[in-house]
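What follows is one structure encoded as C-alpha cells, with my remarks underneath.
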Amino acid sequence: MATKQREAKLLPEVLEFLTQPKRLLIGGEWVEAASGQTFATIDPATDEEICQVPLAGAEDVDRAVSAAREAFEDGRWSQIDPRKRAKVLYAIADALEQKAQTIAQIDTIDNGKPVGFAFGEAIHSAQVYRYFAGWCDKVYGETNPTAPQTFIYTLREPVGVCGQIIPWNFPSAMAAWKVAPALAFGNCTVLKPAEETPLSALFLGQIAQEAGLPDGVLNILTGDGENTGAPLAAHPGLDKIAFTGSTEVGRKILQASSISLARVTLELGGKSPNIVFPDADLSQAVPQSAFGIFFNSGQVCTAGSRLLVDKRVHDQFVEQMTAAAQGWKVGDGLEDGTMVGPLVSRQQLDRVTNYLAIGPSEGAQVATGGKRVEGTKGYFVEPTVFTGVKPDMRIAQEEIFGPVLSVMSFEDTDEAIRMANDTMYGLASAVWTKDLQTAHKVARGIRAGTVWVNTYGPSDPGASFGGFKASGIGRELGVHALDAYTEVKTVWMSL
Ligand code: NDP
C-alpha cells in the first residue's frame with residue numbers, strides 16, 4: 001500500500017480496491033493462482049510495494065483458455081443478438097466514464113503517470129468501448145460476382161478465443177484497444193496485463209461483470225512474461241494472439257504462434273521522426289513536439305523521439321524546444337501541475353539512464369536535462385534534449401522509451417524523407433509545414449503506419465493504428481479492427 005501521505009490523496013473507492021485481495025478472473029470466478037504464488041506491484045513514484053497480485057502460471061493459462069473456449073463454443077456471447085452484445089459494451093463504456101477518476105488514480109500509482117493524463121486515458125478507453133459497441137450490429141459480408149447457376153456470399157465470423165498481451169505504458173487504453181474489438185465481434189478472450197501495471201485490468205474485470213458480460217467471455221491473468229505471457233502465447237487452444245510491446249518479444253510471440261497457427265497482430269516499437277520545415281508555425285510545432293516526446297515520460301510507442309529540423313530553423317527551434325522541455329514539470333503524478341511522472345520501473349530507469357550516458361559518449365550534446373532526478377527513491381528522469389545527433393548513433397536508431405529527444409538537421413525534403421525512413425521502425429511520424437505539396441510528398445514518402453500533419457500524437461477509436469517494418473503486423477482500431485477480429489467465410493450455393 002502507498003505511503004500514508006499518498007493514501008490521503010486517494011479516493012475512498014481506490015483505497016477500498018487496493019485493500020481487496022487481488023485474484024485472477026477465470027470463467028467468471030475470482031481465484032488465486034493455482035500455485036498460490038503472488039508478486040508485488042510497485043509504485044514507481046516511491047519504489048514501494050502497492051499490493052500483492054497473483055502470479056498466474058501455465059495451469060492458470062490452461063484454465064483461462066478452457067473457460068474462454070467453453071464460453072465461445074456454447075454461443076453465450078458469439079451467437080447472441082449483436083444488439084445485446086452492444087448493450088453490454090455500452091454499459092462498460094458508461095461505467096469506465098463514471099469511474100474515470102478512480103481508474104486514473106489506480107493507473108497513476110501503478111504506472112506513475114500524472115493523474116490528469118490518466119483521467120484522459122480512462123475517458124479514451126470508454127470511447128473505445130463505445131465506438132466498438134456501435135460496430136456490433138454492423139458487421140456485413142459481401143455478395144460476390146458469380147455465374148448464373150451459383151450464388152456466392154461471405155460472412156464475417158468471430159475468430160474465436162484470443163490471447164491478448166498488453167504493456168504497461170497505457171494500462172487502461174491498451175486493455176480497451178484489445179478487449180473492446182474482440183468482444184464486439186463475438187470473440188472470447190484471455191487478457192494478460194503487464195506485471196508492472198496489473199491493477200486497472202483487474203478493476204476492468206469488476207466493471208465488465210457488473211455490466212453483464214457473461215462468465216468466461218473475458219478472463220484476466222496477472223503475471224509476468226515468463227510465467228504467464230509465454231505459456232499464453234504458446235497455448236494450442238488460441239485462435240488469435242494480439243500483442244503490444246517490444247519488437248524483441250513480438251518476435252517471440254510470432255514464433256510461439258506457430259504451434260496454434262493463431263492469427264497474430266503485433267503493435268511494436270518505434271523511433272518516430274518528427275519533421276519540421278522552415279515555414280512551420282513554430283508556436284504550434286514547438287509545444288506539440290514537446291508533447292510528442294515528453295508526454296507519458298516518453299514511454300509511448302509513437303513518441304516523436306527523432307526531431308528532424310531544416311538547418312535554417314535548427315538553432316531557433318532547439319532554443320525554443322529547450323525552453324519548452326524545462327517547462328515540463330517532473331514530479332509525483334498525484335501532485336497538481338506534474339507533467340512528467342516517474343518511469344514505470346527500475347528496469348526502465350536503468351535503460352533510460354544508460355541511454356543518457358550513451359548520447360554524450362557518441363558525441364551528442366545535452367541541450368537540457370540528461371540526468372536522473374536526485375534526492376528521491378522514485379524513478380524520475382529529467383526531460384532531455386540531445387543535439388548534434390548523427391543518424392547512425394544509437395540514440396538516433398534505438399527506442400529509448402523515456403523523455404529523451406534526439407535532434408538532427410536536414411538540407412532539403414528528399415534528405416528529410418531519407419532520414420525519416422532510416423530506422424528499422426515504421427510506426428508513426430509527423431510533418432510541420434504550411435506547404436501542401438511538401439506535406440503530401442512527405443506523407444507519401446514516409447514508411448510508417450501514421451503520418452500527422454501539423455499536429456503530433458492524437459489518437460481516435462475510429463482511426464486505424466499499426467506499424468510498417470519492425471513496428472508490427474496488422475492494424476487496430478477503426479474499420480481495420482474487423483480484419484483483426486473476424487474470419488471471412490465464403491458460402492457457395494448452387495442455384
Ligand atoms: P515487453 O515487450 O517485455 O512487454 C510487453 C508485454 O509482453 C508485457 O505484458 C510482458 O509481460 C509480456 N511478455 C514479456 N515477455 C513475454 C514472452 N516471452 N511471451 C509473452 N509475453 C511476454 O516490454 P518491456 O516491458 O520489457 O519493455 C521493454 C521495451 O519494450 C521498452 O523499453 C520499449 O522500448 C518497448 N515497449 C514498447 C511498447 C509499445 O507500446 N510498443 C510498450 C512497452 C514496451 P511482463 O511485463 O509481465 O513481463
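Order of listing sets the numbers, starting from 1, for every ligand and every atom in it. Fair warning: this is a prediction, and the values are worked out from it, not measured in the lab.
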Taking atom types as modelled and ignoring hydrogens, do the side chains of D107 and S200 form a donor-acceptor contact shorter than 3.5 angstrom?
yes

Run W177 and F465 through ring-ring contact (aromatic ring centres under 6.0 Å, His included) and show every step you take.
CA-CA 10 Å; W177 285 29; F465 179 83; 5.2 Å; yes

When only distance counts, is E226 in polar contact with ligand 1, meaning an N/O pair under 3.5 Å?
no

Taking distance alone, with N or O pairs closer than 3.5 Å, would you say K252 contacts ligand 1?
no

Do ligand 1 and G223 have nitrogen or oxygen atoms that lie under 3.5 Å from each other?
yes

Below 3.5 angstrom, do we get any N/O pair linking I166 and ligand 1?
yes

is_close_aromatic(F401, W168), centroid dist under 6.0 Å
yes

Please determine, by modelled atom types, if E195 and T222 share a side-chain donor-acceptor pair under 3.5 angstrom.
no

Can we call the ring centroids of Y456 and W432 under 6.0 Å apart?
no

Under 3.5 Å: N/O of T244 near N/O of ligand 1
no

Nitrogen or oxygen atoms of I165 and ligand 1 under 3.5 Å apart
no

Would you say ligand 1 has an N or O under 3.5 Å from any N or O of I253?
no

Does ligand 1 have a heavy atom under 4.0 Å from the side chain of M174, from its backbone, from both, or from neither?
neither

For atom 43 (C) of ligand 1, grab the closest protein heavy atom and report residue, atom and distance to one decimal in Å.
P167 CB, 3.5 Å

F203/F17 aromatic ring centres below 6.0 Å
yes

Short N-O contact, R69 and E73, less than 4.0 angstrom
yes

Name all residues meeting the ring pair (Phe, Tyr, Trp, His ring centres under 6.0 Å) criterion together with F119; count only those two or more places apart in sequence or in a different chain, and write none if there are none.
none

Where's the contact between F170 and ligand 1, heavy-atom distance under 4.0 Å: side chain, backbone, both or neither?
neither

Can an N or O of G225 be found at a distance shorter than 3.5 Å from an N or O of ligand 1?
yes

Short N-O contact, R6 and D43, less than 4.0 angstrom:
yes

Closer than 4.0 Å: a protein non-hydrogen atom to atom 4 (O) of ligand 1:
no

Starting from atom 34 (O) of ligand 1, what is the nearest protein heavy atom, named by residue and atom, and what distance separates them?
E399 OE1, 2.6 Å

Got the closest protein heavy atom to atom 38 (C) of ligand 1, with its distance?
F401 CZ, 3.5 Å

Whether Q348 lies under 4.0 Å from ligand 1, heavy atom:
yes

Starting from atom 16 (C) of ligand 1, locate the nearest protein heavy atom and write down its residue, its atom name and how far away it is, to 0.1 Å.
V249 CG1, 3.4 Å

From K192, E196, E195 - option closest to atom 10 (C) of ligand 1 by heavy atom
K192

Just to be sure I'm reading this right: ignoring hydrogens, which of G245, G269, G298 gets closest to atom 37 (C) of ligand 1? Compare them by their nearest heavy atoms.
G245

